[in-house]
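This report refers to the structure that appears directly beneath it.
Protein chains get the first letters and strands the later ones, always in sequence-line order, with residue 1 at the start of each.
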There are 2 protein chains.
Amino acid sequence: MAGNVSSPSTTVTGRALSLVAAFDEDHRRLTLTELATRAGLPVPTAHRLLAELVEWGALARDPRGSYVIGRRLWDLGMLAPVQRGLRDVASPYLHDLYGATHATVHLAVRDDLSALYLDRLAGHTSVPVVSTVGSRLPLHATGVGKVLLAHSSEQVVQEALARLERVTPYTVTQPGRLRRQLEQVRHDGYAVTREEMSLGACSLAVPVVSRERVVAALGIVVPSLESSQVRLVAALQVAARGIARSLGSADDPRATP
Amino acid sequence: MAGNVSSPSTTVTGRALSLVAAFDEDHRRLTLTELATRAGLPVPTAHRLLAELVEWGALARDPRGSYVIGRRLWDLGMLAPVQRGLRDVASPYLHDLYGATHATVHLAVRDDLSALYLDRLAGHTSVPVVSTVGSRLPLHATGVGKVLLAHSSEQVVQEALARLERVTPYTVTQPGRLRRQLEQVRHDGYAVTREEMSLGACSLAVPVVSRERVVAALGIVVPSLESSQVRLVAALQVAARGIARSLGSADDPRATP
DNA sequence: CCGATCCTTCCGGTCAGTGGAAGAGGTGTC
DNA sequence: GACACCTCTTCCACTGACCGGAAGGATCGG
C-alpha cells in the first residue's frame, strides 16, 4: 500500500494542495520524497512548493527535516464552521454525560460515508478507543455511525450498504441485517453496537435532533452493556435534548450537514 | 480598518494561500469581493482560485454563497502536531480539574507573544470567557499568559513588556509592576489575575513542567477567588503534575515551543 | 424599467512554474 | 579511504498554465 499517486493535477494550486493532502492520520510526518511520491510530483517541484508552504506556515519542518502540518493550518482549521456552534454548545453536555457515565463520550456528524468525530471526551481509565477528534470511522460499525445512517437519505444508505467492510468478527456485513438494525434504531431512538469496531468495546448512541433534523449523533463507549443500558440511554437522551435545546435558541441556522 | 492588502504575492501558491489567510477569528464568512480585496487580488483571479480551493474542500460555500473555511482544513488542522501529544495527554486531567473545581479550564502554550489556547473546557454556568480553542490572548492579562511569560527568555519578556495593552481597568500596564508579578509567579509557582482580561473573571494558572522545561500552562477562570484559592491551586498543581508525568512516559520529544 | 452591485465566464498574451540535470550532504559497505 | 547509494537542494531555458480586462448574468432596490 505504497502510494495513492493522485491524478497529477495540472493546476499549481492543485499541486500544492495535493501535497498537503498527502498527510493523514497515519502519515503525520513525511519526508520530501514521500510527499513527492504521494502527491505524484517530481521531487524538485515538490521541494519548491513545500518551501512555499513552509514559509507561509501551512507546513512546518520538524527537527529531523521531515514535514508536518503547521500551526497556521491548525489555527485556520479551528475557524472552520464545521459545526462550530454545535461543538461549542455541546461541550458542557458531553461533560455532564461523562460525569454521569464515566464512559468515553463522542459527538459525531456524518460526512459523506463516514462518521466524522467532532469531539471526544475520554477519561484515564476508559476503554481503548480508536477515534480521535477529526478522524472518520465507518458508518456501519459504530454507534454514532448507525444513528447517523439511520437518519440519512436512501441514497446514502445504499452507498453505505454497498461496502460493508469487516473490522472485527462481530462487524455487521450483511446489508439486510444492517437495514433491519437501522429500522430498529429509528424505532428505539438509539443504536447499540457490541465489539463491531474494536474488541472489548460496546457503544450506545442517540441522535441530536434540532429543527426536526438529525444534526449529529451523541455516543458513548463502554466495556459492556450488561444491565446499565437503560440508564445509559436515558443519560444520553437527556444530554442530546439539552444540546438540541441550546442549539434551538440563540444560534443561527448555518448548518453544514 | 478596511483591508490589510497583503503584498500581492507573485507565486500562485502564495496567492491561493493569501486567500485562505484572509479568514480570521473576526472574519469567518467572506464574500468574493471581500476576499479579493483582503488578499489584494483582482476579482476574477480570486474567483478562479477560490473555485479550486472549494473543489478541493479547503473552503466551502455557505447557503448564501459566502466562503467559509472547509471541513478538509479542519481535518488537516487536527493532524497538526501542535502539541497534539500534549493535548491528548492533558484531556483527562483537564476533566478531573473541571470535576474538582467546576471552573472553566484552559490549557495554553506560548506562541510568539501570545498565549495560544490548545484546549478549553467549560461548563454551563461558567463565567463568561473570551477564549476559544485556537485563539490567542495577550500574555500579560491572563493567568496562563503570566505563567508562560514568567518562564520565557528575557528577550521575550522585553518584547512583551514593550506593549502592554489595556484591556480592562484592572489590566497591568506598567512594565515594572508586571515584572514584579512575574517574579512572584516564579516564586509561588502559580499566577493570579483579577479581572485583568474581562470584568467578572479571575484566573489562576500553574506551569506544566516536563523534562525541566515549562511546556504549557494550565489555568482556570472563576468569578472570584475569595477563600478557595488555596484549594484551587492545589487542584491545579495535581493536574499539572499528572500531565507532566504522563508526558514524561511514552512520548517522543518532538516539542514545538 | 433602469442603474448599481456583485458574481461568473471567456480567451489571447506572457511570464511564472516546470522538471531534467547536476551538485551537495549524508550514511552504510567493503 | 573509496565507492555506491540515498535524499535533499539549486540551477535555468523552455513552454503552457495562469492572468485579468472585458463582457455577460444574476440579483436587488428604487
Specify the separation, in whole Å, of atom [atom1] of [X] and atom [atom2] of [N].
| X | N | atom1 | atom2 | value |
| --- | --- | --- | --- | --- |
| R64(A) | dC8(D) | CZ | P | 14 Å |
| L53(B) | dC18(D) | CG | P | 13 Å |
| H47(A) | dT18(C) | NE2 | C1' | 15 Å |
| R48(B) | dT8(C) | CZ | C1' | 13 Å |
| L50(B) | dG20(D) | CG | P | 14 Å |
| L49(A) | dT18(C) | CG | C1' | 10 Å |
| L41(A) | dC8(D) | CG | P | 14 Å |
| Y67(B) | dT8(C) | OH | C1' | 9 Å |

Inset, instruction - Return the nearest nucleotide to the side chain of T33(B); candidates are dC19(D), dC18(D), dC6(C). - result: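 Out of dC19(D), dC18(D), dC6(C), the nucleotide with an atom closest to T33(B)'s side chain is dC6(C).
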Inset, instruction - Can you figure out which of dC8(D), dG19(C), dG20(D) approaches the side chain of P44(B) most closely? - result: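 Between dC8(D), dG19(C), dG20(D), the one nearest the side chain of P44(B) would be dG20(D).
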Legend entry - Short N-O contact, D112(A) and R136(A), less than 4.0 angstrom: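 No, D112(A) and R136(A) are not salt-bridged.
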Inset, instruction - Name the residue closer to the 5' end of DNA chain D, choosing between E52(B) and E34(A) according to the nucleotide with the nearest heavy atom. - result: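 With E52(B) and E34(A) compared, the 5'-side residue is E34(A).
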Legend entry - 5′-ward residue of the pair L32(A)/V12(A) relative to DNA chain D: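 It is L32(A), whose closest nucleotide lies nearer the 5' terminus.
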Legend entry - Other residues, nucleotides, ligands: >12 heavy atoms within 6.0 Å of E55(A) CD: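 No, not enclosed.
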Inset, instruction - Please say whether more than 12 non-hydrogen atoms of neighbouring residues, nucleotides or ligands are located less than 6.0 Å from CD in E154(A). - result: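 For E154(A), atom CD is crowded (more than 12 foreign heavy atoms under 6.0 Å).
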Inset, instruction - Compare all side-chain heavy atoms of V12(B) with those of T13(A) and state whether any distance is below 4.5 angstrom. - result: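 Touching, per the 4.5 Å side-chain cut-off.
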Under 4.0 Å between a side-chain N or O of [X] and OP1 or OP2 of [N]?
| X | N | value |
| --- | --- | --- |
| R15(A) | dA16(C) | no |
| T31(B) | dC6(C) | no |
| T45(B) | dG20(D) | yes |

Inset, instruction - Tell me, with the steps shown, if R166(A) and E196(A) meet salt bridge (Lys or Arg N to Asp or Glu O under 4.0 Å). - result: CA-CA 9 Å; R166(A) 172 168 301 291; E196(A) 296 169 30; over 6 Å; no
